[in-house]
Amino acid sequence: MNTLAAEDLVLVSPRHLAGSGTRIADALGPLIHLFDWSHDHDPASGHMRLDSPCGSAFLDFEPTRFDGMWWTFRHHDPNWSARFSRQTPIEAIAAVAQALPQSLGDARHADRIPLTTTALDQTAALNGWAATHTEATTVYTSPDGHCVLTHEPDSELPWRFTHSVYDGFDTEWTATVSRDAPEELARQFFAHLATRHRSSGSSRTCPTSSRTARVR
């Protein structure tokens with residue numbers, strides 16, 4: 001039996017059981033290096049705050065929060081937020097972070113970070129997710145049953161994502177996007193989750209739904 005060192009990287013299958021990932025820079029780096037967001041870092045707590053050049057939006061990464069909600073994207077006017085708990089996949093959070101500047105009117109690098117325009121039902125169908133429609137709500141469930149999007153347009157939190165694996169250790173995470181938030185942020189997030197939890201027989205989604213710009 002091989003002995004792994006603490007810093008060794010291993011592959012886990014299925015991918016969603018690997019947790020959130022460790023490349024925090026994939027979510028924060030593009031905002032800092034491509035879009036000139038200012039940033040402050042507290043080495044003692046790991047807390048980082050990024051502010052948009054226009055001053056209307058910010059991102060808080062707080063790895064010591066007692067409630068586990070490590071990531072908060074917030075806009076001042078209108079007042080909206082998107083929040084993600086500790087185990088939320090980093091690449092899905094990165095998709096939201098990279099879409100945010102375009103939603104604020106900063107179109108630089110739009111060619112490198114195209115936004116998905118695919119309807120929710122189509123994204124779900126292409127990846128084998130089940131959709132249950134009622135008068136006010138649509139629930140999308142991944143093929144493995146582990147990930148769920150509850151889309152309720154008229155509620156205060158119209159986008160609610162949950163993930164858990166029965167008897168799986170540390171597999172639970174949640175994400176919410178509030179009213180008045182740009183819809184493309186939630187759509188980008190869902191597009192990444194859909195491809196992450198796709199059924200083996202599904203058709204591939206459009207390339208723009210899974211691309212992110214990596215910045216070292």
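Hydrogens, waters and symmetry mates are skipped; everything else that's a heavy atom, side chains included, is used.
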message: Evaluate Thr138 against Thr132 for side-chain contact (heavy atoms from CB on, under 4.5 Å), listing each step before the verdict.
response: CA-CA 6 Å; Thr138 302; Thr132 304; over 6 Å; no

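- Trp173 and Val139 fall into different hydrophobic clusters, where Ile, Leu, Val, Met, Phe, Trp and Tyr side chains are chained together by heavy-atom contacts under 4.5 Å.
- Ala27 approaches Ala97 most closely through the heavy-atom pair O-CB, 3.4 Å.
- Nearest heavy atom pair, residue Gln98 against residue Pro30, reads NE2-CG, 3.7 Å.
- When ring centroids are compared, His76 and Phe58 come within the 6.0 Å threshold.
- Here CZ of Arg160 is found 10.5 Å from NE2 of His151. Values are rounded to the nearest 0.5 Å.
- Among Asp42, Asp40, Asp60, the one residue that satisfies the side chain to side chain donor-acceptor pair (under 3.5 Å) test with His47 is Asp60.
- Side-chain atoms of Asn127 and His197 include no donor-acceptor pair closer than 3.5 Å.
- Taking the six-membered ring for Trp and the full ring otherwise, the centers of Phe73 and Phe84 sit less than 6.0 Å from each other.
- Under the 4.5 Å side-chain heavy-atom criterion for grouping Ile, Leu, Val, Met, Phe, Trp and Tyr, Met69 is not connected to Phe161 through any hydrophobic cluster.
- Atom OG1 in Thr123 sits 10.5 Å away from atom CG in Leu149 (nearest 0.5 Å).
- Between Trp159 and Ser178, every side-chain heavy-atom pair lies at or beyond the 4.5 Å cut-off.
- Between Ala82 and Val177, the shortest heavy-atom distance links the atoms CB-CG2, 4.1 Å.
- Looking at Pro89 and Arg196, their side chains come closer than 4.5 Å, going by heavy atoms from C-beta outward.
- Here the side chain of His163 pairs a donor or acceptor atom with the backbone of Thr171 at under 3.5 angstrom.
- Note that OG1 of Thr141 and CG of Asp144 are 10.0 Å apart. Values are rounded to the nearest 0.5 Å.
- Taking the charged nitrogens against the carboxylate oxygens, Glu62 and Arg65 do have a contact shorter than 4.0 Å, which makes a salt bridge.
- Here the CD1-CE distance, from Ile24 to Met48, works out to 10.0 Å after rounding to the nearest 0.5 Å.
- Here the side chain of His109 pairs a donor or acceptor atom with the backbone of Leu34 at under 3.5 angstrom.
- Between Asp170 and Arg86 a salt bridge is recorded (basic side-chain N to carboxylate O distance below 4.0 Å).
- Between the CG atom of Leu100 and the CG atom of Asp106 there is a distance of 10.0 Å, given to the nearest 0.5 Å.
- At least one donor-acceptor pair under 3.5 Å links the side chain of His75 to the backbone N or O of Pro78.
- Annotation for Arg187 and Ala119: closest pair NH1-CA, 3.7 Å, computed over non-hydrogen atoms.
- The minimum heavy-atom distance linking Ile113 with Gln102 is given by the pair O-NE2, 2.7 Å.
- A donor-acceptor distance shorter than 3.5 angstrom exists from the side chain of Ser85 to the backbone of Thr174, with no hydrogens or angles considered.
- Thr72 has its side chain out of reach of Leu59: every pair of non-hydrogen atoms, C-beta onward, lies at least 4.5 Å apart.
- In this structure, the side chains of Asn79 and Asp180 stay at 4.5 Å or more apart for every pair of heavy atoms.
- Leu28 contributes atom CG, which lies 9.5 Å from atom CD1 of Ile93 (distance to the nearest 0.5 angstrom).
- Between the Glu156 side chain and the Arg179 main chain, no donor and acceptor come within less than 3.5 Å of each other.
- The shortest heavy-atom contact between Pro153 and Ala136 is CD-O, 3.6 Å.
- Note: Phe61 and Trp71 have tilted aromatic rings, judged against thresholds of 30 and 60 degrees for the angle between ring planes.
- Cluster membership check: Phe190 shares its hydrophobic cluster with Trp80, using side-chain heavy-atom separations under 4.5 Å among Ile, Leu, Val, Met, Phe, Trp and Tyr.
- Residues Leu120 and Val148 do not share a hydrophobic cluster, clusters being chains of Ile/Leu/Val/Met/Phe/Trp/Tyr side chains in contact below 4.5 Å.
- A donor-acceptor pair is defined here as one N or O able to donate and one able to accept, closer than 3.5 Å; no such pair exists between the side chain of Thr137 and the backbone of Thr134.
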field: Stepwise side-chain contact (heavy atoms from CB on, under 4.5 Å) test for His39 and Leu31
entry: CA-CA 9 Å; His39 60 284; Leu31 290 177; over 6 Å; no

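- Put simply, the side chain of Arg108 gets close to the backbone of Phe35: a donor and an acceptor are under 3.5 Å apart.
- Glu172 CD: 12 or fewer foreign heavy atoms inside a 6.0 Å radius.
- Ser52 places a side-chain N or O within donor-acceptor distance of the main-chain N or O of Ser56, the cut-off being under 3.5 Å.
- Between Pro101 and Trp37 there is a side-chain heavy-atom pair separated by less than 4.5 Å.
- Ring to ring, Trp129 and Tyr140 are not that close: their centroids are 6.0 angstrom or more apart.
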